Amino acid sequence: MEQKVVLITGASRGIGAAAARRFAAGGCRVVVNYHRSREQAEALAAEIGGWAVQADVSDPVQVGKMVDNVLDKFCQLDILICNAGVAQQKLFGDLTDEDWRRIFAVNVDGVFHTIRAALPHFIHRKAGKILTVSSMWGQVGGSCEAAYSAAKAAVIGLTKALAKELGPSGITVNCVSPGVIQTDMNAHLDGETMAALAEETPLGTIGTPEDVAEAMWYLASDAARFVTGQVLAPNGGLVI
Ligand code: NAP
């Protein structure tokens, strides 16, 4: 069987890195996009036989070059996972224009730039699996996370609209919406807060990056061939 090529944005750490390992274990050629964590991305790429590519997803020029480079190198792209994201905890009244723009630039514009760059290839082939990454806060809203919640809600809207638009071209677009996952993004939360969140979660635990990677693997697989426009939420039941 032909090896599938997957591009994962923000794959140097956390959920993206777990996804890179999962897709490599499943036989894919993995492109590990990173922004600042070059060493981690290159070590991961070496570990899984993948390829590390630097690009700031908020910059459309860098994203365009990255996708062109991937297509030049592999002549195909089968799966796109728009995972890169940044969060920020602040009272709504303390948010600056710059805070708001930064959260949207990475979490929303980044998804737009990446899908737009890859889409002509997917449409040409009449095939492709696109995954976006939202958050439970994009579904229910998080206190002191207004910008992040709004951005992640936008990702869900984009996913659903694109699923309708691209279905006739043989392309599926689905969203993974994680709950609380043990990554650097939650490193600011102390042990007590994490324990309280675990207790609040029906399954009684915080999620792992691998839990999210498995949901991504399913949505990108042939088993999900009839699934599009959906939000799959690995969150232990915290948001139902
Ligand atoms: P993380 O550990 O903080 O890692 C973030 C990743 O995004 C890193 O690889 C980082 O790359 C990359 N990134 C950040 N800004 C970027 C940019 N401008 N261009 C390209 N890459 C960029 O976060 P995570 O927890 O794995 O989160 C992954 C995704 O899941 C995000 O979209 C996040 O919003 C979402 N999510 C996470 C949780 C959670 O509890 N952890 C819950 C719900 C949703 P560099 O290090 O190379 O800069």
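Remember, it's 1-based here, ligands and their atoms both numbered in the order they're listed. These numbers come from the heavy atoms of this one structure, side chains and all, not from hydrogens, waters or symmetry mates. From a predicted model like this one, the values you see are computed outputs, not experimental measurements.
Classification of Asp56 and Arg36 as a salt-bridged pair fails, no side-chain N sitting under 4.0 Å from a carboxylate O. A salt bridge does not link Lys90 to Glu145: none of the charged side-chain nitrogens sits closer than 4.0 Å to a carboxylate oxygen. One finds no salt bridge joining Arg102 and Glu98 here, because no Lys/Arg side-chain nitrogen approaches an Asp/Glu carboxylate oxygen to under 4.0 Å. A salt bridge links Glu214 with Arg22: the distance from a Lys NZ or Arg NE/NH1/NH2 to an Asp or Glu carboxylate oxygen falls below 4.0 Å.
Evaluated for a side chain to side chain contact (heavy atoms under 4.5 Å, CB included) with Ile171, the options Leu80, Ile115, Leu119 yield exactly one hit, Leu119.
Every protein residue with a heavy atom nearer than 4.0 Å to ligand 1 is included here: Gly10, Ala11, Ser12, Arg13, Gly14, Ile15, Asn33, Tyr34, His35, Arg36, Ser37, Ala55, Asp56, Val57, Asn83, Ala84, Gly85, Val86, Arg102, Val106, Val133, Ser134, Ser135, Tyr148, Lys152, Pro178, Gly179, Val180, Ile181, Thr183, Asp184, Met185, Asn186.
When the side-chain contact (heavy atoms from CB on, under 4.5 Å) test is applied to Ser37, the partners found at least two apart in sequence or on another chain are Ser12, Arg13, Gln40.
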